[in-house]
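The basis for the numbers below is simple: all heavy atoms, side chains too, and nothing from hydrogens, waters or symmetry mates. Proteins come first, then strands; the chains are lettered A, B, ... in the order of their sequence lines, and each starts at number 1.
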Protein chains: 2
Amino acid sequence: MASRPKATILDIAREAGVSKSTVSLVLQGSDLIRPETALKVRKAIEDVGYVYNRGAANLRKAHSNVIGMVINDLTNPFFAEMAVGMERVFQSAGIVPFIANTAENPVRQEEVLKSLMEQGVAGLIVSPARGTTPGAFRRIEMAGLPIVFTMRRLPESRIPVIAPDNHRGAWLATAHLIGKGHRRLAFFGGSSDLVVYHERLGGFREACEALGIAKRDTLVVEGETSRKGGIACLETALAMADPPTAALCFNDAVAFGVMLALRKRGLEPGADFAVVGFDDVIEAQHYMPTLTSVAVDSAGLGERAAHVMLRMIQSRTTRAEDHIGAVNLVVRDSCGPHRPAGMGDAA
Amino acid sequence: MASRPKATILDIAREAGVSKSTVSLVLQGSDLIRPETALKVRKAIEDVGYVYNRGAANLRKAHSNVIGMVINDLTNPFFAEMAVGMERVFQSAGIVPFIANTAENPVRQEEVLKSLMEQGVAGLIVSPARGTTPGAFRRIEMAGLPIVFTMRRLPESRIPVIAPDNHRGAWLATAHLIGKGHRRLAFFGGSSDLVVYHERLGGFREACEALGIAKRDTLVVEGETSRKGGIACLETALAMADPPTAALCFNDAVAFGVMLALRKRGLEPGADFAVVGFDDVIEAQHYMPTLTSVAVDSAGLGERAAHVMLRMIQSRTTRAEDHIGAVNLVVRDSCGPHRPAGMGDAA
DNA sequence: TTGATTTGTTGGAACGTTCCATTTAATAGG
DNA sequence: CCTATTAAATGGAACGTTCCAACAAATCAA
């Protein structure tokens, strides 16, 4: 039913008794058209139920108003927060972000990128899936399409990156744990095929060294970056001879998993074992106990990425500087009481 | 830099020494082409860094392989879970879903829908923003574009809906609370401009009536469908003369807010006040206490929606039947231990 | 040999826009 | 009254694909 053969600009022209060029001008809001004519045209547009065909338009002007946002894990609230930040700035620039999920699957990522490019997006904001091959973005770069990475960076690539200061964040968190008196520390979750992993782990290691924790009192357990991964990490750690008493987790999801596993063993997070997360997703302040975490300002990073992208599009360049976002440690309850509450920040 | 004037099918033809028609055939994987020719062409494609222009193609065949998914709140994990379900089925059908967020803003929704249509999507899966005007989808229907609603339905619309059995879910949850011995019940969160709200509230009311709770022992507090909304609802309720001892919440986010607010007042969710959520997002099983909630099988609903959409596209119809998904109550700890515990004395 | 058939390949006309160059109409200057 | 100037509207040639009708070469039937 319905499905008449789709109105075009010519149908409108006929309906309004003008030429297609006039209609086109009206559609673009040109002031070369007499207001009354424009009105007549707009009415016709409404009448025939016209929908603009951007594909056809792009054929001539190649100036799409959509950018693609490719995310490795949509179910991580972190990315949703970031997306919201981006949308804020894109909206006011009249451009629409389409989001696509790769579910951490490089093959899927390839498909999604292909589709987005074919669709003629003006730019790409990507958080690459784990295991992305180095050459995966060559075609996009060759096409001269603006692209920025968020959160993750690829080993050799020259593509600009917007990411938090992972090194410093990990350093701060580790120092906090040591300041609490812990002497046997662990780093939980993540895997070494991620550059971020090395950054965070590096911060952890340096802080340990600088603050006098011997390397042999330090434990690193790789694992999935999810609650499940966190649970597994804790199990592994507690099975060791001289188990750690505190852990910095690769991200909040892992931290939640760790706390969960502690509870299941009858241990109290904070009192019996200190845990710090990374990302400071909204849930962090709602957990029991509330989670001390490295806040990375996800929405802010999203906004920043969007701005960088806009600038790249405007100046039609494919280069831009990296941007390392400030981080700060939000101290809550998951590392035990830190003095009488009162001037705490855990809101 | 870079940005050579973009290779087209003709450049490939020249490079490979064949005609553009041949290239086109190769791109479509036609078996009318001699394998060695195809190989030659594919090599040329690689060499010139060609990217297919789907806009141009659609000009002729109008057969896009993307569908748009428009959701009202990307930060609600519920939708992420649903999106993942959809993606699963779409992927195997070779179609790519693009997700766009409306942030519960009808104006934004309008823009997003417009953009998606202009882009020539093959169909639309929409969870309408609150306050969507009745006519918002007229143009889409006029265009004969397949569209299905998820989760929410519009008052008068004939657009097919995929949603959980809200009425029954609320009924079950309410019955559970009453079975626990509660006699003064509240319904927290949501607002009456949502059809879902009336469905859930309806289930709540009917259960109360059927199980002998007088209407005056029943409290309904509208509010935002977020943690913040939940907090506000609880404050309001506890300020009443004869406060309720249990609440069914519009969704899990509200329930989390309520539990939070209880804690802040020194009350223990489950023991001092029972709360039930709706949606059963993953977090529900990780909270302290774990949240009793109505599981709606979000991923399953996503899959179902995707299937319906595929069928609509194939049979090029714009009609389909509603689908009401089964629900079931997942009992956890937020309503207290299983014995008919002490009620009464709140606040 | 000749015509018919099959197998690969190809030119050209769409598709719905934009935009340049032009035309037409109206206004002003002399 | 004629010519410049300005304002408003227009025709037509792109843009990068698909697909139909047509073609050439090779194979087959007689």
- request: Would you indicate which nucleotide in dT10(D), dT17(D), dT9(C) comes nearest to any side-chain atom of S19(A)?
  value: dT10(D)

- request: Could you check how far CE of M117(A) sits from P of dG16(D), rounded to whole Å?
  value: 15 Å

field: Positive for side-chain contact (heavy atoms from CB on, under 4.5 Å) with M151(B), one of P128(B), S127(B), S298(B)
entry: S127(B)

- request: Ignoring the backbone of T22(B), work out which of dT10(C), dT17(C), dG16(D) is nearest its side chain.
  value: dT10(C)

- request: Among V148(A), T150(A), I162(A), V89(A), find the residue that satisfies the side-chain contact (heavy atoms from CB on, under 4.5 Å) test when tested with R304(A).
  value: I162(A)

query: Do S115(B) and E111(B) have a side chain donor and acceptor closer than 3.5 Å?
result: no

Per T8(A) side chain, nearest of listed nucleotides dG16(C), dT17(D), dT9(C): dG16(C)

- prompt: To the nearest angstrom, how far is R14(A) atom CZ from dT10(D) atom C1'?
  reply: 16 Å

message: For nucleotides 18-23 of chain C, give me one character per nucleotide, 5' to 3': B if any protein heavy atom sits under 4.0 Å from the base, S if the only such contacts are to the sugar-phosphate, - if neither.
response: BB----

- prompt: Can you check the D11(A) CG to dC15(C) P distance for me, whole Å?
  reply: 11 Å

- prompt: Distance only, no hydrogens: is a donor on one side chain within 3.5 Å (strictly under) of an acceptor on the other, for S21(A) and S24(A)?
  reply: no

query: Do K40(A) and E15(A) pass the salt bridge (Lys or Arg N to Asp or Glu O under 4.0 Å) test, and can you show the C-alpha distance, the side-chain angles, and the key distance before you say yes or no?
result: CA-CA 9 Å; K40(A) 202 168 51 177; E15(A) 180 84 7; over 6 Å; no

field: Spacing of R54(B) atom CZ relative to dT17(D) atom P, expressed in whole Å
entry: 11 Å

Nearest-Å distance for atom pair CD/C1', residues Q119(B) and dG16(C): 15 Å

task: Grab the CG-P distance between N53(B) and dT17(D) for me, whole Å please.
output: 5 Å

- prompt: Picking from dG16(C), dT9(C), dT10(D), which would you name as closest to the side chain of T37(B)?
  reply: dT9(C)

- line: Rounded to whole Å, the CD1-C1' distance (I33(A) to dA7(D)) equals 10 Å

R34(A) vs dA7(D): side-chain N/O to OP1/OP2 distance below 4.0 Å: no

query: Does CD in E321(B) sit with more than 12 non-hydrogen atoms of other residues, nucleotides or ligands closer than 6.0 Å?
result: no

query: Within this structure, what is the CG-to-C1' distance between L10(A) and dT17(C), rounded to whole angstrom?
result: 9 Å

query: Can you tell me how far CE of M309(B) sits from CD1 of I125(B), rounded to the nearest 0.5 angstrom?
result: 4.5 Å

